[in-house]
**Q** 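Once you've had a glance at the structure underneath, I'll fire off some questions.
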Amino acid sequence: MSKLTDQELEKLLEDYLSTTLSTPPKEGLRIDFSNQLRRTLEKQLEQRNRLRFYVGWGLILILTMGALFFCLICIDATYQTGMVAMIIIHKWVFLIGFLLFFLIQYLDYFSVKQQQFRKIQHQQK
Amino acid sequence: MFDEKEFIPKILKGNLAAFDLLVKQYERLVFHVCFKLLNNNDDVQDVCQEVFIKVFRNLKGFRYQSKLSTWIAKIAYLTALNHIKKNKYDSFESYPKDVAHDHFTRDDPEHQLINKDVNRYLNELIAKLPHQYRLVLTLFHLEEFSYQEIEEVTGWPEGTVKSYLFRGRKLLKEKLEIYLKAEIK
C-alpha cells in the first residue's frame with residue numbers, strides 16, 4: 001500500500017467518521033413492535049375506561065342515595081315517621097353496602113370473568 | 001408524510017391508528033436515542049415501549065413550541081436515563097474524566113484482529129464512548145439535530161453540547177488515525 005500524505009489521511013479520517021456516524025445501527029426494534037405497543041395501549045385504555053365506569057356509577061349511586069335521604073328528611077318533617085331516623089342511624093351500612101357491592105363486581109370481573117370472556121371470545125374465533 | 005397538526009388532535013381523541021403512524025414516524029429516532037444510551041438491545045425494546053406510552057399519555061401537554069421530534073427525543077432521553085439510574089448497570093454520573101485513557105486502552109493484538117474492518121472498528125469505538133458523547137454524536141450526525149435542539153433534549157448548555165461533540169470526534173479521530181497508520185505500514 002502506498003504511503004498517504006497527511007492531507008489525504010485527514011480526508012480519509014473525515015470520510016470514515018462521517019460515514020460511520022451517519023449510518024444507522026444494524027440493530028432495530030422488533031418487527032411487531034407497533035402491534036405489541038398497540039395491544040398494551042388498548043389494554044390500558046380498557047382498564048381506564050372500566051375504572052371510570054365503576055367510579056362513575058359509584059358516584060351516581062352516592063348522589064342518588066343522598067337525594068333520597070334528603071327527600072325522606074323532607075317527608076319526615078311533614079309526617080313525623082320513625083323510618084327516616086332508622087335510615088339515618090344506619091346510613092353507613094347502606095352506603096358501604098352498595099360501594100362494596102360495586103367493588104366486589106369490579107374485582108370479580110378481573111379475577112374470574114375476564115378470563116371466562118377471553119375463553120369464549122377465543123372459542124368463537 | 002406525518003402532519004403533526006392533523007394527527008395530534010386525532011390521537012388525543014383516542015384514535016390508535018393515528019398513533020400508529022406517529023410510532024412509525026419516530027420509532028427510529030426513539031430507538032437511536034435509547035440504544036446509544038443503554039447499549040443493550042434487550043432493554044431498548046422495553047424502554048422504547050415505555051417512551052411511546054409516555055408520549056401517548058402526555059401528548060395533550062404538547063404545545064407546538066418545539067418540534068415534535070425534539071419533544072419525543074427528550075422523553076426518550078429522560079426515560080432511558082431513568083432506566084439507567086433504576087437498574088444501576090451503567091454509571092452515568094460517575095464517568096471518568098480522563099475518557100481517552102479509560103475507554104481506549106485495549107490495544108492488545110487479539111482485539112486488533114477483530115477490528116479488521118474500519119467501520120466495524122469505529123462502531124466499536126463509538127460503543128465504548130461515554131453516553132454523553134454517543135448521544136450527542138447520534139443526534140447531531142444521524143438525526144441531524146441542531147445544537148439548540150440537542151440542548152432542548154438533554155438540558156445541557158450549547159457550549160457543553162459542542163464540547164462533547166468536539167471531544168467525541170477528536171477521540172475517534174485519534175484512535176482511527178493510529179489504526180489507519182498501522183494498516184498502511
Side-chain angles (χ1 to χ4, degrees), chain A residues 1-60 106 109-110 114 117-118 121-122 124-125, chain B residues 11 14 16-17 19-24 27-32 34-36 39-42 44-46 48-53 55-57 117-127 134 137-138 140-144 165 168-170 172-177 179-181 183-185:
Chain A
M1 207 171 191
S2 61
K3 281 200 170 184
L4 293 172
T5 63
D6 282 350
Q7 270 186 335
E8 282 171 331
L9 186 66
E10 180 69 19
K11 198 183 170 298
L12 201 64
L13 281 173
E14 272 301 326
D15 288 348
Y16 271 129
L17 209 53
S18 302
T19 315
T20 311
L21 287 172
S22 52
T23 308
K26 281 176 195 161
E27 297 88 347
L29 288 168
R30 284 185 296 255
I31 303 165
D32 65 336
F33 175 79
S34 56
N35 287 337
Q36 217 169 34
L37 177 70
R38 192 181 174 135
R39 276 197 295 274
T40 311
L41 279 173
E42 275 172 349
K43 208 173 162 184
Q44 286 187 358
L45 282 174
E46 198 186 313
Q47 276 182 2
R48 201 178 64 183
N49 288 342
R50 183 156 287 119
L51 195 67
R52 273 184 188 168
F53 175 81
Y54 282 103
V55 170
W57 272 108
L59 280 172
I60 289 171
Y106 184 70
Y109 178 82
F110 274 104
Q114 195 176 33
F117 289 151
R118 272 195 196 145
Q121 275 180 342
H122 190 71
Q124 280 174 346
K125 278 178 187 174
Chain B
I11 297 169
L16 288 178
F19 187 67
D20 271 350
L21 289 172
L22 181 142
V23 174
K24 289 261 180 284
E27 64 182 2
R28 201 187 93 126
L29 166 70
V30 170
F31 176 77
H32 288 159
C34 296
F35 187 70
K36 288 295 168 191
N39 240 355
N40 174 348
N41 203 23
D42 294 334
V44 166
Q45 307 285 336
D46 295 335
C48 286
Q49 182 159 333
E50 203 184 322
V51 170
F52 281 113
I53 289 172
V55 168
F56 185 77
R57 281 187 191 155
D117 175 22
V118 180
N119 285 330
R120 217 173 93 190
Y121 179 60
L122 255 176
N123 276 322
E124 259 190 50
L125 293 178
I126 293 167
R134 285 202 307 262
L137 286 168
T138 304
F140 189 80
H141 289 282
L142 200 58
E143 298 298 332
E144 294 172 348
L165 196 63
R169 281 180 65 95
K170 195 171 165 246
L172 291 173
K173 232 167 147 179
E174 279 169 8
K175 206 66 195 168
L176 189 62
E177 195 175 343
Y179 176 80
L180 282 177
K181 276 181 180 167
E183 283 286 297
I184 290 162
K185 279 174 191 173

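Below, chain A is the first sequence line, B the second, and so on; all start at residue 1.
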**Q** How long is the gap from CD on A:Q44 to CD1 on B:I53, to the nearest 0.5 Å?
**A**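 So the CD of A:Q44 and the CD1 of B:I53 are separated by 4.5 Å.
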**Q** Do B:F56 and A:L45 have side chains that get closer than 4.5 Å, going by heavy atoms?
**A**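 A side-chain contact under 4.5 Å exists here.
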**Q** Given a strict heavy-atom distance threshold of 4.5 Å, which part of B:F140 is in contact with chain A: side chain, backbone, both, or neither?
**A**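 For B:F140, neither part sits under 4.5 Å from chain A.
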**Q** Considering only heavy atoms from C-beta outward, does the side chain of A:L37 approach that of B:F19 to under 4.5 Å?
**A**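 They are in side-chain contact.
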**Q** So what's closer than 4.5 Å to chain B heavy atoms on A:F33: side chain, backbone, both or neither?
**A** side chain
**Q** Compare every heavy atom of A:P24 with every heavy atom of B:H32, then report the nearest pair and how far apart it is.
**A** NE2-CB, 3.8 Å
**Q** Step by step, work out the side-chain contact (heavy atoms from CB on, under 4.5 Å) result for A:T20 and B:L172.
**A** CA-CA 11 Å; A:T20 311; B:L172 291 173; over 6 Å; no
**Q** Got more than 12 heavy atoms from elsewhere within 6.0 Å of CG, A:L59?
**A**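 Yes, the 6.0 Å shell around CG holds more than 12 heavy atoms from other groups.
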**Q** CD/B:Q49 to CZ/A:R39 distance, rounded to the nearest 0.5 angstrom?
**A**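 Answer for the CD-CZ pair, B:Q49 versus A:R39, is 9.5 Å.
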**Q** Which atoms of B:D20 are under 4.5 Å from chain A, going by heavy atoms: the side chain, the backbone, both sets, or neither?
**A**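 B:D20 touches chain A through side-chain heavy atoms alone.
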**Q** Please check if any side-chain donor atom of B:E27 sits under 3.5 Å from a side-chain acceptor atom of A:S34, or the reverse.
**A**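 Checked: B:E27/A:S34 side chains show no N/O donor-acceptor pair below 3.5 Å.
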**Q** Identify the heavy atoms of B:Q45 and A:G28 that sit nearest to each other, and give their distance.
**A** NE2-O, 3.2 Å
**Q** Is chain B contacted by the side chain of A:L17, its backbone, both, or neither, given a heavy-atom distance below 4.5 Å?
**A**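 Interface part for A:L17: both.
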**Q** Under 4.5 Å from any heavy atom of chain A, what part of B:K36 do you find: side chain, backbone, both or neither?
**A**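 Contact with chain A involves no heavy atom of B:K36 at all.
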**Q** Measuring from A:R38:CZ to B:F52:CZ, what's the distance to the nearest 0.5 Å?
**A**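 These two atoms lie 14.5 Å from each other.
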**Q** Return the SG to CZ distance between B:C48 and A:R30, rounded to the nearest 0.5 Å.
**A**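 If we round to the nearest 0.5 Å, B:C48:SG and A:R30:CZ are 9.5 Å apart.
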**Q** Among A:L29, A:N35, A:L41, who wins on heavy-atom pairs under 4.5 Å with chain B?
**A** A:L29
**Q** I need the residue from B:T138, B:L122, B:V23 with the largest number of non-hydrogen atom pairs under 4.5 Å to chain A.
**A** B:L122
**Q** When rounded to the nearest 0.5 angstrom, what distance separates CG in A:L21 from CD1 in B:I126?
**A**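 Interatomic distance, A:L21 CG to B:I126 CD1, rounded to 0.5 Å: 4.5 Å.
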**Q** Which answer fits B:R28, side chain, backbone, both or neither, if we ask what part of it has an atom under 4.5 Å from a heavy atom of chain A?
**A**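 Contact with chain A: side chain only.
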